[in-house]
Amino acid sequence: MAPPDIRSLRRDELAAELQAWGEPTYRVDQVLDWLYRRRVTAWEAMTNLPRTVRDRLGRQFALQPLALVHKQGARDATQKFLWRLADGALIESVLIPANPTLFGDSSDRHTLCVSTQVGCAYGCRFCASGLAGWKRDLGVAEIVEQVLAVERWASNASVVRGDSSVAEPRTTDTGPRTIDNLVIMGMGEPLANYDSLLQALRILNAPWGGGIGARKITVSTSGLAPQIRRLAGEPLQVRLAVSLHGATDAVRARLMPVNRKYPLAELTAACEAYQRQKGRMITLEYILIAGINDGLEQVRPLGQLARRLHAKVNLIPYNTVEGLAWERPAEATQAAFLAALERLNVTATLRREKGHDIDAACGQLRLRTEREGLAGR
Ligand code: SAH
Ligand code: SF4
C-alpha cells in the first residue's frame, strides 16, 4: 500500500509518530513549518532536520505535490487551475479575487474554490461535474494540497497578476498568504466524502496548518440531509451553503435526482437542526435557469423556506455547459426574481458570475479538457 501523505495528519497524529521515533518535541513544529508555512514539496528542502529524520519521513510518508496541467485566467483575474493527481485523474481549483480587478491589476484578497471528488455521483442535470459520473473521493492531502499549491503559484506573482504563463513553482516559499476564504464548491459532493473533508478542514483551519478561520470556510452541499445533521454536531464552525435550485419538490427533483432521496421536507428539517445547533445563517444557493426555475411562482415557496431557515438566498445566473441545453434567463428576468424575493423581506443577492469566460462553474474545465484530449500525459 502507498504510504499516506504527511499532509493528511493532524498535529497530534504527527507528534505521536515523531515521539515514537524518539524525536525531541520541537521536531513537530519544525516539520509543520516546512509543510504549511514554507509549503515545501521535497524532504531535502527541510534543511534544519537531521538527514536521518528526513530519510525516515521519506520512507514513511508521501509528499506529493499536485501537477499543474494548465491554468486559465479570466478577464476579471479569476484563475482556474487544472491539476493532475498521482493516478492521472484531473481536478480543478478556482482562485477568485474578492474585488473584481482589471486585467493586470493585483488584488490581495482571494477566495479559493476547491474540489473534493473526481467527478460526482449526484448527477444534477445542469452540472458539468456530474456528467461523467463519479470516479473517486479525494484523499485528505489532495484537498489540503489544493490550497498549498495555489499559494505556491500565487506567491510566484505572475499568478495574481493574471499572467497565464506557466512558470515553475519555487520549492520553498514564505510569502504572504493569498487565500483568505475557502469555498468547498469545486468538483464533487463534499458531504459524500465526509471524513476526508472534515480532516482536511481541521488541517486547513488549524493555526499550525492552513490558518484559515472556520468562519471563512463555506461547505456547499446538494442536500445530503443526514450529513448536514452530522456536520451540525462538529465543533468546527464552518458555514453551510445548500444548493436548492428549486423551491418545490416538483421543480427541484427535475433538476437534482438527490431530491428523490432527501425531499425538501427532510432537507429543510436537517437545515433547521443545523441552524438551531450552530446559530448561524445558512445560504441557499439558487441557480436561475431559463424556463425551468425562474418563474415567479417559485418565489413564494423560496421566500417561505428562507424565512423559516433564517437563510439568505444567493441567486446565480446559470453558466452554460457545452452539451447541455439549459440557458441563463435574460437579465430582466433575473432582476424581477430578485425584486420579488426582496418584497418578501428575504435577504438575497444576485451574483455576477465571475470567470464566466473561463468555464468557472464546477467541473467545466476538466470536462472540456478531457473532451478535447488536452490532458495527454
Ligand atoms: N456538490 C456541491 C458542491 C459543488 S457544486 C453542491 O452541489 O452544492 C457548487 C455549486 O455550483 C452548486 O451550487 C452547484 O449547483 C453550482 N453549479 C453547478 N453547475 C453550475 C452551472 N453550470 N452554473 C452555475 N452554477 C452551477
Ligand atoms: Fe455534484 Fe454538486 Fe454538480 Fe450536483 S451540482 S452534480 S452535487 S457537483
Side-chain angles (χ1 to χ4, degrees), residues 74-78 80 94-102 107 109-113 124-128 181-186 216 218-223 239-248 251-252 254-256 264 267 271 280-321 324-364:
R75 275 189 293 279
D76 62 1
T78 294
K80 185 145 191 165
V94 185
L95 186 64
I96 308 153
N99 303 302
T101 55
L102 292 172
S107 162
R109 298 179 55 80
H110 289 79
T111 295
L112 186 73
C113 175
C124 301
R125 304 280 181 244
F126 50 81
C127 176
N181 281 287
L182 211 55
V183 293
I184 318 300
M185 291 189 184
K216 305 211 156 191
T218 302
V219 175
S220 176
T221 177
S222 60
R239 292 178 185 275
L240 181 68
V242 175
S243 297
L244 201 66
H245 313 329
T248 56
V251 170
R252 191 166 191 266
R254 197 174 155 198
L255 291 170
M256 305 177 72
L264 280 172
L267 174 58
C271 291
R280 61 184 47 241
M281 207 181 224
I282 293 177
T283 302
L284 298 177
E285 307 263 25
Y286 196 99
I287 308 178
L288 289 167
I289 308 178
I292 304 292
N293 66 356
D294 61 345
L296 291 179
E297 75 285 349
Q298 285 292 301
V299 174
R300 186 161 294 279
L302 178 57
Q304 277 164 356
L305 248 172
R307 278 209 308 276
R308 201 174 130 200
L309 296 173
H310 307 285
K312 63 173 179 190
V313 176
N314 205 356
L315 300 173
I316 307 151
Y318 181 62
N319 222 343
T320 45
V321 175
L324 296 180
W326 318 96
E327 281 172 14
R328 65 169 56 178
E331 277 182 25
T333 312
Q334 300 174 21
F337 198 96
L338 174 68
L341 208 49
E342 284 173 336
R343 276 197 295 276
L344 299 177
N345 290 323
V346 173
T347 312
T349 53
L350 177 61
R351 196 197 292 174
R352 192 186 71 84
E353 195 66 47
K354 283 183 185 159
H356 190 56
D357 57 339
I358 56 157
D359 311 321
C362 66
Q364 292 189 54

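- The minimum heavy-atom distance between Ala128 and Val321, with the atom names listed, is CB-CG1, 3.8 Å.
- Side chains of Gln334 and Arg328 form a contact here, defined as non-hydrogen atoms less than 4.5 Å apart.
- In this structure the side chain of Thr347 never reaches within 4.5 angstrom of the side chain of Val313, judged on heavy atoms.
- Ser222 places a side-chain heavy atom less than 4.5 Å from the side chain of Met256.
- The backbone N or O of Phe126 sits less than 3.5 Å from a side-chain atom of Tyr318, completing a donor-acceptor pair.
- Between Leu350 and Ala335 the shortest heavy-atom distance is CD2-N, 4.4 Å.
- Although no hydrogens or angles enter the test, the distance criterion places no donor-acceptor pair under 3.5 Å between the side chain of Arg125 and the main chain of Leu255.
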task = Given side chain to side chain contact (heavy atoms under 4.5 Å, CB included), test Ile316 with Tyr286 step by step and report yes or no.
result = CA-CA 6 Å; Ile316 307 151; Tyr286 196 99; over 6 Å; no

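- Rounded to the nearest 0.5 Å, atoms CG (Leu240) and CD1 (Ile184) are 12.0 Å apart.
- Side-chain contact between Thr248 and Gln298: present, with at least one pair of heavy atoms (C-beta onward) separated by less than 4.5 Å.
- One finds the CD atom of Glu331 at 11.5 Å from the CG atom of Leu288 (value rounded to the nearest 0.5 Å).
- Here the side chains of Val183 and Leu112 are not in contact, with every heavy-atom distance at 4.5 Å or above.
- Smallest separation of non-hydrogen atoms from Thr320 and Trp326: CG2-O, 3.6 Å.
- The side chain to side chain donor-acceptor pair (under 3.5 Å) test applied to Arg252 returns Asn259, not counting sequence neighbours.
- Heavy atoms only, all atoms of each residue included: Pro301 and Ala247 are closest at CB-O, 3.7 Å.
- Atom-to-atom distance recorded for Arg254:CZ and Ile289:CD1 is 9.5 Å, nearest 0.5 angstrom.
- Between Leu267 and Val242, the closest side-chain pair of non-hydrogen atoms falls below 4.5 Å.
- Applying the salt bridge (charged side-chain N to carboxylate O under 4.0 Å, His left out) rule to pairs touching residues 296-312 yields Glu272-Arg308, sequence neighbours excluded.
- Although no hydrogens or angles enter the test, the distance criterion places a donor-acceptor pair under 3.5 Å between the side chain of His245 and the main chain of Ile287.
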inquiry  = Working note: Leu315 + Thr349, criterion side chain to side chain contact (heavy atoms under 4.5 Å, CB included); need CA distance, chi angles, decisive distance, verdict.
reply    = CA-CA 6 Å; Leu315 300 173; Thr349 53; over 6 Å; no

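- The CG atom of Leu284 sits 7.0 Å away from atom SG of Cys271, with the distance rounded to the nearest 0.5 Å.
- Among residues two or more places apart in sequence or in another chain, the side chain to side chain donor-acceptor pair (under 3.5 Å) test is passed with Thr111 by none.
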inquiry  = Run the side chain to side chain contact (heavy atoms under 4.5 Å, CB included) test on Thr283 and Arg239 for me, step by step, so that the C-alpha distance in whole Å, both residues' side-chain angles and the decisive distance to 0.1 Å come before the verdict.
reply    = CA-CA 8 Å; Thr283 302; Arg239 292 178 185 275; over 6 Å; no

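- Here the closest heavy-atom approach between residue Gly303 and residue Val346 is recorded as CA-CG2, 3.7 Å.
- The 12-atom threshold is not exceeded at CD of Glu327, counting heavy atoms of other residues, nucleotides or ligands nearer than 6.0 Å.
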task = Take Glu285 and Ser220 through the side chain to side chain donor-acceptor pair (under 3.5 Å) test and state the conclusion after the steps.
result = CA-CA 9 Å; Glu285 307 263 25; Ser220 176; 4.6 Å; no

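- In this structure, the separation between CZ on Phe337 and CG on Asn293 is 6.5 Å, given to the nearest 0.5 Å.
- Note that the OG1 atom of Thr218 and the CG atom of Leu182 stand 8.5 Å from one another [nearest 0.5 Å].
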